[in-house]
2 protein chains.
Amino acid sequence: MATDPTPRGRRPGDSGTRDAILDAARARFAGEGFRAATVRAIAGDAGVDPALVMHYFGTKQALFVAAMEFPLDPAQVVPRLLGPGVDGLGERLVRFLLTVIDDLGDANPMLGLVRSAVGHPDAARMMREFLGEAILDRLAAAVSEHTGADRPRLRADLCASQVVGVLVARQILALPELAAADRETLVAAYGPTIQRYLTGSLAP
Amino acid sequence: MATDPTPRGRRPGDSGTRDAILDAARARFAGEGFRAATVRAIAGDAGVDPALVMHYFGTKQALFVAAMEFPLDPAQVVPRLLGPGVDGLGERLVRFLLTVIDDLGDANPMLGLVRSAVGHPDAARMMREFLGEAILDRLAAAVSEHTGADRPRLRADLCASQVVGVLVARQILALPELAAADRETLVAAYGPTIQRYLTGSLAP
DNA sequence: CAGCGATCTCAACGCCTGTTGAATACGAGT
DNA sequence: ACTCGTATTCAACAGGCGTTGAGATCGCTG
């Protein structure tokens, strides 16, 4: 009747352990950021020894990079949002973002990146480069081609600042009326802001 | 010729040690957030033994609270911004914020709070409560009194989301064109956004 | 000048961290 | 059936953390 200490070797069958670790890592990084999320906690969530995490990913850093891989390809998303033209682009972008936030829930890589970037320079650089090359430059180029607006990259940066602000104020700080507002209310509030940043006049 | 190990007891004269510790703490918390900023590093910056920090403040938490005390009284700032009336309020608010950011530099409690709120629920609650009671409720009440606009607190939350976004995107992520833009460019870009959030129409 | 309280350092504690190396168990290929 | 690579755990490491208690030195008050 001895409670057997979990046996040492391999498990029978196809255990999706690697994916379990990745899921747990995504959730922990998104919920606590790089520093506060411990390898031990992630391993615990995945029902696994910490050493197994290192066996699969080598270091905590590498696990972070693997877990934060973005589930959507910006090279497809940006053109799709711009498909119907530049009219209503702001609202489409905001609605898309809010939908993605709701769908991803706990394991949102955007949250993981923001939470980690703050207080971890490497993650900040990682996020700045990903945001910049994959999204903002693309968005800037596309919009400037459609409208010939001036300072396209500044416009994209302005959008990013509002998007990051929504993420932090709503998902992390949980400002009450912002967290409670339903999606279309926020689309109506933020849509015109983004639209103006992208295509409106920035002079006083 | 023995290099004397720093003597143990009290130093002669009026050593502003307590303030040195507070300054170092502000800078470290603002630069790295609560978790990553260590008591040992703060003590090192202040040229002091870590135990002295505990002697003055008891715990790291208490040191954080003491260091993040806001150097400006919102009860004075909000009325001053609203003094000239509600016209141009957005631009005044943005200009004021950017000036404060520049003035505070390294030791900005706002940065410390944001960096800590992310990844430390206690700090998030602290910031939500301070922001809410001291600033947003006040701002909401004042604007709604001037204009009778609907949903005043949601409007204030929208402003907060853009302000936090500027802080994160510009000061932490350092998005290139945003970090490089001069103050009046940003006033022209963000001013109308804040103005609309506060006094404009939020319906589509 | 005696004593007291404030200021300051030292050395150590217990804990948690990422990471490592060895040991074991299984599945697949020959 | 043997072997090899992969999956998995265990036990331990070195280092960093916040915090503690004891001791040393100074300034102020009587």
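Residue numbers begin at 1 in each chain, while the letters A, B, ... track the order of the sequences. Quick note: numbers below take in every heavy atom, side chains included, and nothing from hydrogens, waters or symmetry partners.
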Without decimals, in angstroms, what is the distance between [X] [atom1] and [N] [atom2]?
{"X": "B:Q61", "N": "D:dT19", "atom1": "CD", "atom2": "C1'", "answer": "14 Å"}
{"X": "A:F57", "N": "D:dA7", "atom1": "CZ", "atom2": "P", "answer": "11 Å"}
{"X": "A:I21", "N": "D:dT6", "atom1": "CD1", "atom2": "P", "answer": "16 Å"}
{"X": "A:H55", "N": "C:dA23", "atom1": "NE2", "atom2": "C1'", "answer": "14 Å"}

Which residues share a salt bridge (Lys or Arg N to Asp or Glu O under 4.0 Å) with B:E133, sequence neighbours left out:
none
For B:R40, give me all partners under salt bridge (Lys or Arg N to Asp or Glu O under 4.0 Å), at least two apart in sequence or on another chain.
none
Has the side chain of B:R115 got a donor or acceptor atom that lies under 3.5 Å from a matching backbone atom of A:V118?
no
Without swapping roles, check the side chain of B:R196 against the backbone of A:A189 for a donor-acceptor pair under 3.5 Å.
yes
Within the structure, does a side-chain N or O atom of B:Y56 lie under 4.0 Å from either OP1 or OP2 of C:dA6?
no
Residues, nucleotides or ligands: over 12 heavy atoms within 6.0 Å of [X] [atom1]:
{"X": "B:Q61", "atom1": "CD", "answer": "yes"}
{"X": "B:E69", "atom1": "CD", "answer": "no"}
{"X": "B:D106", "atom1": "CG", "answer": "no"}

Note: A:E184-A:R95 ion pair, threshold 4.0 Å (strictly below)
yes
Salt bridge or not for B:D102 and B:R183, using N-O below 4.0 Å?
yes
Just by distance, no angles: are the side chains of B:T185 and B:D182 close enough, under 3.5 Å, to form a donor-acceptor pair?
yes
Shorter than 3.5 Å, N or O on both sides, protein versus nucleotides 13-18 of chain D: list them out with atom names.
residue, atom, partner, partner atom, Å
D:dG18, OP1, B:V39, N, 3.3
D:dG18, OP1, B:K60, NZ, 3.1
D:dG18, OP2, B:V39, N, 3.0
D:dG18, N7, B:R40, NH1, 2.5
D:dG18, O6, B:R40, NH2, 3.3

In residues 42-52 of chain A, which residues come under 4.0 Å of DNA chain C by heavy atom?
A:A51
Estimate the overall bend of the helix from C:dC1-D:dG30 to C:dA28-D:dT3 from the end axes over five pairs each, rounded to 10 degrees.
0°
Once ring-ring contact (aromatic ring centres under 6.0 Å, His included) is applied, do any residues pair with A:Y197, and if so which ones, sequence neighbours excluded?
B:Y190
